[in-house]
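Heads up, the thing below is written out as structure tokens.
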Amino acid sequence: NLGPVSMELSPPPPGLEEEYKSLFSTRSLLFLQELISTFDEEVDQVLQLRISRKAHLDLTADLPSFLESTTHIRRDPLWRVLPVPPRLQRRHVDIGDLAPCDTQRFVKALQSSAQGLQVDFDDGNCPTYYNQIKGLHNVFKAVHNQFPNLPHISHAPVLMLRPRAWNMVEHNLMVAGKEAPGPLFDFGLLMFHCGKTLFENKSGPFFYLSKVESFMEARLWNNIFVWTQHKLGLPLGSIKATVLIENILAAFEMEEILYELRDHSAGLNCGIWDYSASFVNKFGHRQDFLLPDRSKYVNMEKRFLRSYMDLLVQTCHRRGALATGGMAALLLPPDPLSDPHSTVLATVTRLKLLEIKAGVDGFMVYDLSLIEPMQKLFKLHTEGDNQLHQLRHDVTVTPEDLLSMPLGGVTLYGLKYNIAVGVLFVNAWLSGKGHFFYRGQVEDSATAEISRSQVWQWIRHQTQLEDDSRVVSRRLVTELIMELTMELKALCHSVRAEQRLHTAADMFLEVVLKRDFPEFITTYLIQDHTFLSSQHTEQMETQNTDLPQAKL
């Protein structure tokens, strides 16, 4: 127990005793305790605000629009965000979904020619205690130049640290009798151990903020930044953060979000799958918001996504902030002379060129082999460090543009694909992994989120398949899950792996059949007894999963 507020921290996961000791000193624990006690109540308030907004939308059948109460902020042409430091001005290609607990990939990324790394404690990471401590310690080592043969932190790709989102808790830390908010645990330890060093090396501290739904949440983050800088003796505005606009409600508050963070803003980011899933989250029970098969009918060229990207670029550039695009999840086949290699490269190039033409200042790739071709693409089609001069005066986005669902139905292929991604994601989490590879691309919690959202929504609306007029029902989904499990069972190398796959299939079915839509699949999983108990048995397996990746 420390000071007037009690604090309980679980003992270290087996094998990480030294890392644990260096992260949790008396001083860092006191800092964490103070940070969490200061903001705990406000974290609860923003989560309650989410619930009340959702209830209001459900009770009134209202649709979101641009806020009347903040018209003055949008109409004032003069305010700007503070200019970002030199190291953030040219970030054409970042590596995305980089779970820092995967030491080998983390080190490779630090040696790469990428301009930035999304150091991900969120979507691409499974937040077991083992992974959080290993990941935090790896960031500590990178910042303090403790990895051999790596560039100095001031010359390595810039670290964009992504703590967990507001919906996540850290079960292993109790402050004043309550589990700690996951993002404060991650942010607090990263700032305490790395903030000053990053600042002194003009390389941070820079963050990505996930799942922000309103300007009130941006205001809370801003307050946290101001408090932390003061506590650690850093100048105001040292911390810079990019907010991911991955929610339809946040799309109507982009200017207000930038305004709240104007001293600390590194811009806004747009991604396709979490954003699309948020439509089901907020309006999924309404027939008008039936989202068609994503494998066939949902892409960045559709009106609702195209409008969102255009509005994001226009909003950012108007205020002097950077706008970044999503992540290319496709993996390049190894043989550069093969047809599949050319096909994948052509697909990624086409999609990323759309973003460049829309005016983005950078985007992410998962595969390290895509860094150089994508940097060349930027060089070819843009001039200078960024595209801040692209003010997009040609764009006028209305609420109707943002809320127009694409036309289309559901295919058997799309239903099977969504089921496979959902089941395999739960299976990956039960093995301590935050992402996996399937059919030539990386899948993480964002694709799992859209996959299970669509299956839930198609069951809810008894949607017919385009192929044969069968209705998406509990029975059909159960049959397809059993079929998939039989196929994947052949790839399992042990009884344990087989049992885990069956458990994942059962858990996925449970989620898609719930009467009320569970808000986030990750929240559902971290509160589930099966996942929590799996952490103890899987800790030593975290770097080793039983399903052969290539075959998937």
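Just so you know, these numbers use all the heavy atoms, side chains as well, and skip hydrogens, waters and symmetry mates. Given the structure is predicted, the values throughout are model-derived calculations rather than measurements.
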For S238, is there any backbone N or O sitting under 3.5 Å from a side-chain donor or acceptor partner on Q229? yes
Might you confirm whether atom CG of D76 has over 12 heavy atoms from other residues, nucleotides or ligands at distances under 6.0 Å? yes
Test side chain to side chain contact (heavy atoms under 4.5 Å, CB included) applied to D97 and M364, step by step: CA-CA 9 Å; D97 262 10; M364 286 172 274; over 6 Å; no
Which pair of heavy atoms, one from C194 and one from F140, lies closest together, and at what distance? SG-CA, 3.9 Å
Take N138 and T103, measure what side-chain hydrogen bond (donor to acceptor under 3.5 Å, both in side chains) needs, and give me the verdict at the end. CA-CA 7 Å; N138 276 345; T103 310; 2.9 Å; yes
Salt bridge or not for E253 and R53, using N-O below 4.0 Å? yes
Donor-acceptor under 3.5 Å (H92 side chain, D385 main chain): yes
So OG1 of T38 and CG of N223: to nearest 0.5 Å the spacing works out to 11.0 Å
Evaluate the criterion side-chain hydrogen bond (donor to acceptor under 3.5 Å, both in side chains) for residue pair N386 and Q89; output intermediate values, then yes/no. CA-CA 7 Å; N386 49 55; Q89 282 171 16; 5.5 Å; no
When you measure from the side chain of D94 to the backbone N and O of G116, does any donor-acceptor pair fall under 3.5 Å? yes
Could you tell me which non-hydrogen atom of L312 sits nearest to which non-hydrogen atom of C270, and how far apart they are? CD1-CB, 3.8 Å
So how far is it from H171 NE2 to L173 CG, rounded to the nearest 0.5 Å? 12.0 Å
I'd like to know if the side chain of K134 reaches the main chain of Y129, judged simply by a donor and an acceptor atom lying under 3.5 Å from each other, with no hydrogens or angles considered. no
Taking S113's backbone N and O only, do any of them form a donor-acceptor pair with Q375's side chain (distance below 3.5 Å, no angle check)? yes
Identify whether the distance between the nearest side-chain nitrogen and carboxylate oxygen of K211 and D123 falls below 4.0 Å. yes
Side chain to side chain contact (heavy atoms under 4.5 Å, CB included) evaluation trace for M7 with I36: CA-CA 10 Å; M7 193 172 187; I36 291 163; 5.6 Å; no
Separation of D367 CG from L332 CG (nearest 0.5 Å): 5.0 Å
Nearest 0.5 Å please: distance from the CZ atom of R91 over to the CD atom of Q118. 9.5 Å
Check: G237 main-chain N/O paired with H264 side-chain donor or acceptor under 3.5 Å: yes
Sorted by chain and number, sequence neighbours left out, side chain to side chain contact (heavy atoms under 4.5 Å, CB included) with M216 holds for L49, S214, R219
Going through the checks in order, is the side chain to side chain contact (heavy atoms under 4.5 Å, CB included) test met by E443 and L424? CA-CA 9 Å; E443 307 282 359; L424 286 166; over 6 Å; no
Could you go through the side chain to side chain contact (heavy atoms under 4.5 Å, CB included) check for E217 and L220 one step at a time? CA-CA 5 Å; E217 296 182 21; L220 171 54; 5.5 Å; no
Contact between L198 and F206 at the side-chain level, heavy atoms closer than 4.5 Å - yes or no? no
Could you note down all residue pairs passing side-chain hydrogen bond (donor to acceptor under 3.5 Å, both in side chains) where residues 272-282 supplies at least one of them, sequence neighbours left out? E213-K282
All ring-ring contact (aromatic ring centres under 6.0 Å, His included) counterparts of Y366, not counting sequence neighbours: H435, F437
Side-chain touch E355/K352, heavy atoms, less than 4.5 angstrom: yes
Does atom NE2 of H144 have more than 12 heavy-atom neighbours, drawn from other residues, nucleotides or ligands, at distances under 6.0 Å? yes
Is there a donor-acceptor pair under 3.5 Å between the side chain of Y20 and the backbone N or O of G15? no
Counting C-beta onward and ignoring hydrogens, is there a side-chain heavy-atom pair between F31 and T228 closer than 4.5 Å? yes
Quick one: are W429 and I526 in side-chain contact, heavy atoms under 4.5 Å? yes
4.5 Å side-chain heavy-atom contact, E255 and W79: yes
Between the side chain of N269 and the main-chain N/O of V243, is any donor-acceptor distance below 3.5 Å? no
Would you say that more than 12 heavy atoms from the other residues, nucleotides or ligands in this model lie under 6.0 Å from the CD of E17, or not? yes
Over all atoms of both residues, closest heavy-atom pair of L32 and L184: CD2-O, 3.7 Å
Contacts table for residues 151-160: side-chain donor-acceptor under 3.5 angstrom, sequence neighbours left out:
from, atom 1, to, atom 2, distance (Å)
H152, ND1, S154, N, 3.1
H152, ND1, S154, OG, 2.8
H152, NE2, N145, ND2, 3.3

Rounded to the nearest 0.5 Å, what separates atom CD1 in I73 from atom CD1 in I257? 11.0 Å
Applying ring-ring contact (aromatic ring centres under 6.0 Å, His included), can you list everything that pairs with F187, at least two apart in sequence or on another chain? F207, W221, F225
Taking all atoms of both residues into account, what is the closest heavy-atom pair of A218 and V212, and its distance? N-CG1, 4.3 Å
Might you point out which heavy atoms bring R164 and F121 nearest each other, and give the distance in Å? CG-O, 3.2 Å
With a 4.5 Å cut-off on side-chain heavy atoms, are V423 and L501 touching? yes
When rounded to the nearest 0.5 angstrom, what distance separates NZ in K141 from OG in S22? 9.5 Å
Mind checking ring-ring contact (aromatic ring centres under 6.0 Å, His included) for F517 and listing every partner two or more places apart, or none if nothing turns up? W456
Is there a donor-acceptor pair closer than 3.5 Å between any side-chain N or O of D120 and the backbone N or O of L98? no
Answer yes or no: is there a side-chain heavy-atom contact under 4.5 Å between F363 and V93? yes
State, with a plain yes or no, whether a side-chain heavy atom of V313 is found less than 4.5 Å away from one of V360. yes
Is there a donor-acceptor contact under 3.5 Å from the side chain of R50 to the main chain of L47? no
Minimum heavy-atom separation for F279 to I248, with atom names? CZ-CD1, 3.5 Å
